[in-house]
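Remember, predicted model here, so these are calculated numbers, not experimental data. In listed order, ligands and their atoms are each counted from 1.
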Amino acid sequence: MTEDHIFTLTRAERERTREVAAALAEVEPGLVDDRAWLDACRDMSQRLPERLRRRLRAFRHDPRLDGMLLVRNLPVASVLPPTPAVAGSVERKATPAAGTTALVSMQIGEVIAYRDEKSGALVQNVVPVPGRETQQSNAGSVPLELHVENAFHPHRPDMVALFCVRPDHDGGAGLRVASVRRAIRMLPDDIRKVLGEDRFRTEVPPSFGGGPEGRAPRHPVLSGDFDDPDVRVDFHATRLADEEDEQAAEAMTVLRAALDTITRAVHLLPGDLAVVDNRVALHGRTHFVPRYDGEDRWLHRTFIHLDHRRSRAMRQGNGQVLS
Ligand SMILES: O=C(O)CCC(=O)C(=O)O
Ligand SMILES: [Fe+2]
């Protein structure tokens, strides 16, 4: 596979970004979820290196075949606090790393969060949590199934950004990314047709008020253009709307097999920020072994909407948080 999903900052560009992030870290009140700080972040994102801004703009227009952009060589601090190891960990403080994540995200669109997830914080921590190893969530360390982020949600993120602050110990953790743009070529027309019908449901997690199984609305897995569709599926949470629907079951199996053959695993290094287009690509994670010694894998995550107005009815006071 080609490497045209990778964009590497030069040393000068990295230092420029470090300056912008440092200036943003000084903005009062130094809290990510504060409106004045976010206004400054949106504004200061215009000071990111021009070549990076151009690449982000191009990615927003067309996420290419991979549906992912991997920005490398962003600035990271030489000294870091221990990796948090608690469930629901978020980054409220406007550290340079949180700022860098928010700056890049705000240059793409609007950073958003959900009141019912990670307490509505805009920059969240993706860290392994003791006792949650086998959970299908970002706190786990068993393989995390390929998924569209918040596939159940009518206003799921358009993009997901993951910034690596600290890698895992053994270099085994891989962010898995699979684009439907690559997989579609392997799907026969009759399979695509079934995937394009309302024959699926995605469970709503209890934190979002999910009711008894089967109540979630029916939806298609593929929608839009027949040859370049959007995808909506979570291989852990999406079920057949009708359990007996053998054609739909077969279509899911074929889709999954196709995605498996084109999935990339990216081992994120400190200073790497992956932007996944959540409309055309799924993501997941390979298995890794946490040690809970303060040095575990640590990512900052943001969700991005490209059309903020569309979710206005769910955002109190025209803020960033959907409820
Ligand atoms: O840990 C990862 O690399 C990805 C986890 C994930 O799916 C997420 O945080 O949304
Ligand atoms: Fe995810």
Quick test of your reading of the structure: of [options], whose heavy atom lies closest to [atom]?
{"atom": "atom 2 (C) of ligand 1", "options": "Gln124, His267, Arg297", "answer": "Arg297"}
{"atom": "atom 9 (O) of ligand 1", "options": "Asn138, Val127, Leu299, Asp168", "answer": "Asn138"}
{"atom": "atom 6 (C) of ligand 1", "options": "Arg285, His283, Glu145, His300", "answer": "His283"}

Counting from 1, what ligand 1 atoms have a heavy atom of [X] closer than 4.0 Å?
{"X": "His147", "result": "7 (O)"}
{"X": "Leu175", "result": "3 (O), 4 (C)"}
{"X": "Glu149", "result": "10 (O)"}
{"X": "Leu144", "result": "5 (C), 6 (C), 7 (O)"}

To make sure I understand the geometry: which N, O or S atom in Glu149 is closest to the Fe ion (ligand 2)? OE1

For Leu273 and Ala161, work out which heavy atoms get closest and say how close. CD2-CB, 4.3 Å

Heavy-atom distance under 4.5 Å between the side chains of Asp260 and Arg176, does that happen here?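 Side-chain contact under 4.5 Å: yes.
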
What about the rings of His283 and His147, do their centers lie closer together than 6.0 Å?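 Under 6.0 Å, so yes.
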
Identify whether NZ of Lys or CZ of Arg in Arg192 sits under 6.0 Å from the centre of the six-membered ring of Phe226 and within 45° of that ring's axis. yes

When you measure from the centre of the six-membered ring of Phe200, is the NZ or CZ of Arg218 under 6.0 Å away and within 45° of the axis? no

Would you check if there is a donor-acceptor pair between the side chains of Glu91 and Asn125 at a distance under 3.5 Å? yes

Give the C-alpha distance, both sets of side-chain angles, the deciding distance and a yes or no for side chain to side chain contact (heavy atoms under 4.5 Å, CB included) between Phe59 and Asp277. CA-CA 9 Å; Phe59 179 73; Asp277 188 320; 4.2 Å; yes

At the 4.0 Å heavy-atom cut-off, does Val126 count as touching ligand 1? yes

Does ligand 1 have any atom that is closer than 4.0 Å to a heavy atom of Arg176? no

Nearest-neighbour protein heavy atom for atom 8 (C) of ligand 1, which is reported as residue plus atom name and distance: Arg301 NH1, 3.3 Å

Could you please compute the angle at the Fe ion (ligand 2) from NE2 of His283 to NE2 of His147, rounded to 10°?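 That angle is 90°.
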
If you measure from CD1 on Ile6 to CD on Glu3, what distance do you get to the nearest 0.5 Å?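 That separation rounds to 4.0 Å.
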
